[in-house]
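For reference, the structure discussed in these notes is given below.
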Amino acid sequence: MSVPENALTNHEVTVCLSGGAVLGPFNATWSRDEGGDVRELVREYDGFLQGEKQHRFKFHLHDTYTNTVHTLILNFDRVTGICDHVRLKSPPNG
């Protein structure tokens with residue numbers, strides 16, 4: 001199934017912290033035209049795990065279901081994992 005680049009994707013993001021604490025899950029929606037840092041959070045953390053320095057600490061996750069924004073301020077030194085569960089919307093004709 002091919003999803004257009006501007007299609008909305010509905011994410012459920014959970015952040016695991018050292019010591020066993022969990023933040024989330026947070027609903028977040030992303031598209032090229034609508035805001036939200038859900039993809040940037042995952043990309044930034046992936047780079048951190050590959051040895052890059054953390055550049056961003058604040059991420060805004062836009063939840064269009066409840067019309068809210070979750071702001072996460074994270075130090076990746078204390079993050080043990082991020083789960084990004086994505087629910088793809090079906091195309092209108094299929």
Side-chain angles (χ1 to χ4, degrees):
M1 174 174 95
S2 176
V3 177
E5 189 63 30
N6 64 347
L8 289 175
T9 55
N10 297 303
H11 299 252
E12 185 178 272
V13 178
T14 304
V15 179
C16 302
L17 304 174
S18 56
V22 175
L23 300 174
F26 301 101
N27 289 322
T29 303
W30 181 89
S31 77
R32 177 173 280 184
D33 301 325
E34 296 187 23
D37 288 337
V38 65
R39 288 194 177 185
E40 289 303 314
L41 169 62
V42 173
R43 286 181 184 146
E44 181 86 13
Y45 186 63
D46 183 48
F48 176 81
L49 292 176
Q50 295 181 46
E52 296 175 18
K53 183 179 178 182
Q54 182 177 358
H55 299 286
R56 291 186 61 188
F57 293 84
K58 185 186 292 186
F59 300 90
H60 303 283
L61 307 181
H62 295 258
D63 183 350
T64 58
Y65 293 120
T66 60
N67 199 29
T68 59
V69 176
H70 308 285
T71 300
L72 300 179
I73 301 173
L74 299 170
N75 178 345
F76 290 157
D77 287 332
R78 304 289 184 246
V79 174
T80 59
I82 296 175
C83 176
D84 181 10
H85 177 114
V86 181
R87 291 178 303 277
L88 302 175
K89 290 187 175 181
S90 299
N93 59 357

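All of these numbers come straight from a predicted model, not from anything done at the bench.
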In Å and rounded to the nearest 0.5 Å, what is the [atom1] to [atom2] distance from [X] to [Y]?
| X | Y | atom1 | atom2 | result |
| --- | --- | --- | --- | --- |
| N75 | I73 | CG | CD1 | 11.5 Å |
| T66 | F26 | OG1 | CZ | 11.5 Å |
| F59 | E40 | CZ | CD | 8.0 Å |

4.5 Å side-chain heavy-atom contact, [X] and [Y]:
| X | Y | value |
| --- | --- | --- |
| T14 | V22 | yes |
| V13 | L23 | no |
| N10 | N27 | no |
| E44 | V42 | no |

- Message: For F76, is there any backbone N or O sitting under 3.5 Å from a side-chain donor or acceptor partner on Q54?
- Response: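 Pair found, side chain donor or acceptor close to backbone of F76.
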- Is a side-chain N or O of Y45 found less than 3.5 angstrom from the main chain of V79, in a donor-acceptor match?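 Flag set: sc Y45 to bb V79 pair under 3.5 Å.
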- Message: Quiz question: by atom type and distance under 3.5 Å, do the side chains of T29 and H62 form a donor-acceptor pair?
- Response: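 No pair is found: no donor N or O on one side chain lies under 3.5 Å from an acceptor on the other.
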- Task: Sequence neighbours left out, what pairs pass salt bridge (Lys or Arg N to Asp or Glu O under 4.0 Å) with at least one residue falling in residues 64-86?
- Result: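 Matches after skipping sequence neighbours: none remain.
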- Could you note down all residue pairs passing salt bridge (Lys or Arg N to Asp or Glu O under 4.0 Å) where residues 45-72 supplies at least one of them, sequence neighbours left out?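 For residues 45-72: D37-R56.
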- Message: I need the minimum non-hydrogen distance between L61 and A28, along with the two atoms involved.
- Response: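 In terms of heavy atoms, the two residues are closest at CB-CB, 3.8 Å.
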- Query: Do L72 and L17 share a hydrophobic cluster (ILVMFWY, side-chain heavy atoms under 4.5 Å, transitive)?
  - Reply: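 Same cluster: L72 reaches L17 through Ile, Leu, Val, Met, Phe, Trp or Tyr contacts under 4.5 Å.
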- Task: List in chain and number order the residues that pass side chain to side chain contact (heavy atoms under 4.5 Å, CB included) with N67, two or more places apart in sequence or in another chain; answer none if no residue qualifies.
- Result: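 For N67, no residue satisfies side chain to side chain contact (heavy atoms under 4.5 Å, CB included) once neighbours in sequence are set aside.
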